[in-house]
Amino acid sequence: MSEDTNQMITNVLADRFPGVIKPDEREGYEGYVIESERLIEFAQAIRDELGYDYLSSVTGVDYLPDDKIEVVYHAYRSEGGSALVFKVQAPRAEATVPSLVSVFPGADFQEREAWDLLGIRFDGHPNLRRILMWEGFHGHPLRKDWEEPYFVEPGKPFKNRWPEGEAIRSEEKKSFKKNVQYPSEFSPDGWIPEDDKALYSGMVQLGAQDSGNGRTLETDQIIVNLGPQHPSTHGVFRMVVSLDGEEIADLQPVVGYLHRNHEKIGERNTYIMNMPFTDRLDYLASMGNNFAYALTVEKLMGIKPPERADYIRVMMAELTRIVSHLFSIGTLLNDLGAFFTPMLYALTERELVLDVFEAVSGSRMMCNYFRFGGVARDLPEGVLERVRDLVTERLPRKIDELDTYLTDNEIVRTRTIGIGILTREQAIAYSAAGPVLRASGVEYDVRRAEPYSIYDRLSFDIAVRHNGDIYDRYLVRLEEIRQSLRILQQVVRDIPDGEIQTGKSQYQVRVPSGESYGRVENPKGELGFYIVSDGNPNPWRYHIRSPSFINLTSFGEICKGHKIADVVGILGSIDIVLGEVDR
Amino acid sequence: MYGLGLIKGLGVTLKHFIETYLDDIRWLGRRYYREGAIAERQGPNARGVFTVQYPEEKLPVPEEFRYIPFLVYEDGKDGDRELRCTSCGICAKVCPPQCIWITRSNDPETGRPIPSPTKFFIDIDICMNCGLCAEFCPFDAIKMDHDYELASYDRLADHIFNKERLSKSVSYYQSIRPTNHAFEEAKRAEKEAAKEAKRKAR
């Protein structure tokens, strides 16, 4: 944001809300602190008057020493530009802030997550239940004074590893059943989850009196649990579907089966240790995750990678996009019933790209390749030629083949056109990101909206479609693969020689205190990292704005009215990866 | 015409189907178990069957491939193993899941630490193969292995590797990572030469 617009916004807001907003003046912080009573009014004003209609990220930070909980919001304009950051504060003991779901429906899951993990109560939230942890869970794990069952120390490295380390297994210290905490009056054997009842009764049911659906066939109202072990969910993911005959009256996604509290682990880790952990978020796009994390920490440290490293980074990120979209198209066709032939055609090409990743980083999927201020190692001999062969010859040919194979296929078209429509307004309101957003006619791509790395000198088009259905999401992905190939052709042509690391690569980086939010356009959408540093080797707060998770917010809405068989296809077109949804 | 897209799509499948057989003829039954065959079958010009007959055939791993660290030792004068490790603890400090445990040796008389580990453990159930230990070791003493077939019947007995289990010779290291090894040796020689020159100058 330029100084001028910044000043203008401050003036406008200060006029509108005298005494209610003040700039955040802590060292290394940005944005405004708002009085929580006026939060909703403020949110409406920035959405309607200043054009910040896209609420990207909502999260909380527990400032234990100040006895305060802070909720941090990052809002953007859907036509591009940098963030408007605003915060509200509440005392730790009674952390209550107004919910923004009425203004930005996309805040729904994120507020539930903040309630679940940080114990922030959002007044006015329609459905404030736990989302990632299980219903009987005791406490809020991201509070700074909460300790996990295998707790050793607040921060790594642990002192018992060296110089007097003697290997022990954590499970020997705390055996099974002793490794969980719950209130003394709670009995795990006799427990029946009450939340399921609440979940079912909260769902729209057309009710027996309303069976006059205008058709001669009498239909039943039933609730079906799709998952958590349903093969179409690509992992462990549950959809509670309320059905009227075959038609969907309501749908609620239930997530968290793969939850490992990545963010708590991240706060125990040192900065460099988080790099391999980010691989495990969206495990189909580990290079992209590395990229976002490296950018965020570099922003805090105030360093920039050398030119060659930037080119290598973009090369890897774009290859990742190709891989992820190929996988997504393959599985989508699987979900539609084209059993495994398109999937395997797509996977064959993916293997060739993974070979490149393996040669460069040492691992096909868990790449762990980026470092702060560079990359782990230079491209080994022969890799650049291999990438050049792939992106100029084989992949374009194969993408065309995939296009011929699928795009005009009548069965694919009948199953996808007009199904799962997300309108432009909905897409923005629900904070959808990536191909899901762009298929709804919003020309928003972080690589263009707020260019990072070297994207501002690369020529490529943003793939946009306007119908917002499954078919358009598929077409957007296909087009994005082509655009990625275009970027890669420029990158392999222009990549300069030189260093790949700014300064010396260190195992203990010094990160000055402050906050930073870094984001990249990952294959699934905007992946953001929000990091608060207090100057220690471990981050104070480490939050991930995960596109798969937030894209699910609108999932229930777009399924309504469709047949149950279409749910599988719609989910496939949103393209979630459970490692990232559940974190 | 309705159905044209379908037919076009089926044409692609048919092409793949026929290509597989053409490819078979080209190989004349020598597709598998042959030097260099995998590289061609899975290379950028691959057509036909893409799969590998594991475990009869194995994919060659690139030099940078990483799987479970090992400790490099040099062969001493009378056949004893001299670990390069000085038990400085950097690998244990950088390890993200904290699966490395080191006990430093102390001189029994003075009580001062001596640069060699008495005990060294890696819990391979916890190791996430990230390679940070190898990357940041200042003595090139810990390196990532290429041996990925580590399945065992008893996880409680076999999955915490001790110093003996972790030690592998420098010649093994050289065999799996020739480029890296050569690079490190050259660097070391350069350093030695610089030291030598300095000593002579004095």
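Letters A, B, ... mirror the listed sequences (proteins, then strands); counts begin at 1.
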Contact origin within [X] toward chain B - heavy atom pairs under 4.5 Å:
X: A/R268; result: neither
X: A/Y345; result: side chain
X: A/T348; result: both
X: A/I272; result: both
X: A/Q506; result: backbone
X: A/V412; result: neither
X: A/L344; result: neither
X: A/N160; result: both
X: A/T407; result: neither
X: A/K159; result: neither

**Item:** Shortest non-hydrogen contact from B/V12 toward A/E401
**Value:**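 Between these two residues, the closest heavy atoms are CG1-CG, 3.7 Å.
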**Asked** If you look at every heavy atom in A/W162 and B/C88, which pair is closest and at what distance?
**Response**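 Closest heavy-atom pair between A/W162 and B/C88: CZ2-O, 3.1 Å.
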**Main-chain N/O of A/E164 paired with B/T103 side-chain donor or acceptor, under 3.5 Å** =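 Not at all, since once roles are kept as given, no pair shorter than 3.5 Å links the two residues.
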**Item:** Any donor-acceptor pair under 3.5 Å from A/K156 side chain to B/P96 backbone
**Value:**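 Such a contact is found between A/K156 side chain and B/P96 backbone.
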Under 4.5 Å, counting heavy-atom pairs only, tell me which of [options] racks up the most with chain A.
options: B/L156, B/D123, B/L4; result: B/L156
options: B/I7, B/N106, B/T118, B/I160; result: B/I160
options: B/Y67, B/F50, B/F120; result: B/F50
options: B/M144, B/Q98, B/K93; result: B/Q98

**Request:** For A/Y405 and B/L10, run side chain to side chain contact (heavy atoms under 4.5 Å, CB included): C-alpha distance rounded to whole Å, both residues' side-chain angles, the deciding distance at 0.1 Å, then the answer.
**Result:** CA-CA 7 Å; A/Y405 183 36; B/L10 285 173; over 6 Å; no
**Message:** One pair to check against side chain to side chain contact (heavy atoms under 4.5 Å, CB included): A/I168 and B/F121. What are the steps and the verdict?
**Reply:** CA-CA 10 Å; A/I168 38 153; B/F121 302 98; over 6 Å; no
Return yes when atom [atom1] of [X] has more than 12 non-hydrogen atoms of other residues, nucleotides or ligands closer than 6.0 Å, and no otherwise.
X: B/E82; atom1: CD; result: yes
X: B/E190; atom1: CD; result: no
X: B/F17; atom1: CZ; result: no
X: B/Y21; atom1: OH; result: no
X: A/E381; atom1: CD; result: no
X: B/R84; atom1: CZ; result: yes

**Request:** Would you please go through residues 127-137 of chain B and name the residues with a non-hydrogen atom below 4.5 Å from one of chain A, in numerical order?
**Result:**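 When heavy atoms of chain A are the reference, residues 127-137 of chain B contributes B/M128, B/C130, B/L132, B/E135, B/F136 within the under-4.5 Å range.
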**Request:** Under the salt bridge (charged side-chain N to carboxylate O under 4.0 Å, His left out) rule, what do A/E166 and B/K119 come out as? Steps first, then yes or no, please.
**Result:** CA-CA 8 Å; A/E166 180 85 45; B/K119 292 177 185 166; 2.7 Å; yes
**Item:** N-O pairing of A/R377 and B/E64 below 4.0 Å
**Value:**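 Answer for the salt bridge query: yes.
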**Message:** Set out, in order, the CA-CA distance, both residues' side-chain angles and the distance that settles side chain to side chain contact (heavy atoms under 4.5 Å, CB included) for A/E358 and B/R66, then state yes or no.
**Reply:** CA-CA 9 Å; A/E358 195 180 23; B/R66 50 183 151 84; over 6 Å; no
**Item:** Full working for side chain to side chain contact (heavy atoms under 4.5 Å, CB included) between A/D408 and B/K8
**Value:** CA-CA 8 Å; A/D408 292 330; B/K8 241 174 33 184; 3.0 Å; yes
**Prompt:** So how far is it from A/R161 CZ to B/C95 SG, rounded to the nearest 0.5 Å?
**Reply:**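 One gets 8.0 Å once the value is rounded to the nearest 0.5 Å.
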**Message:** A side-chain contact here means heavy atoms from C-beta on lying under 4.5 Å apart; do A/R169 and B/I126 qualify?
**Reply:**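 No - every pair of side-chain heavy atoms lies 4.5 Å or more apart.
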**Prompt:** For the candidates A/I411, A/N269, A/L390, A/N274, which exhibits the highest count of non-hydrogen atom pairs separated by less than 4.5 Å from chain B?
**Reply:**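 The residue among A/I411, A/N269, A/L390, A/N274 with the greatest pair count is A/I411.
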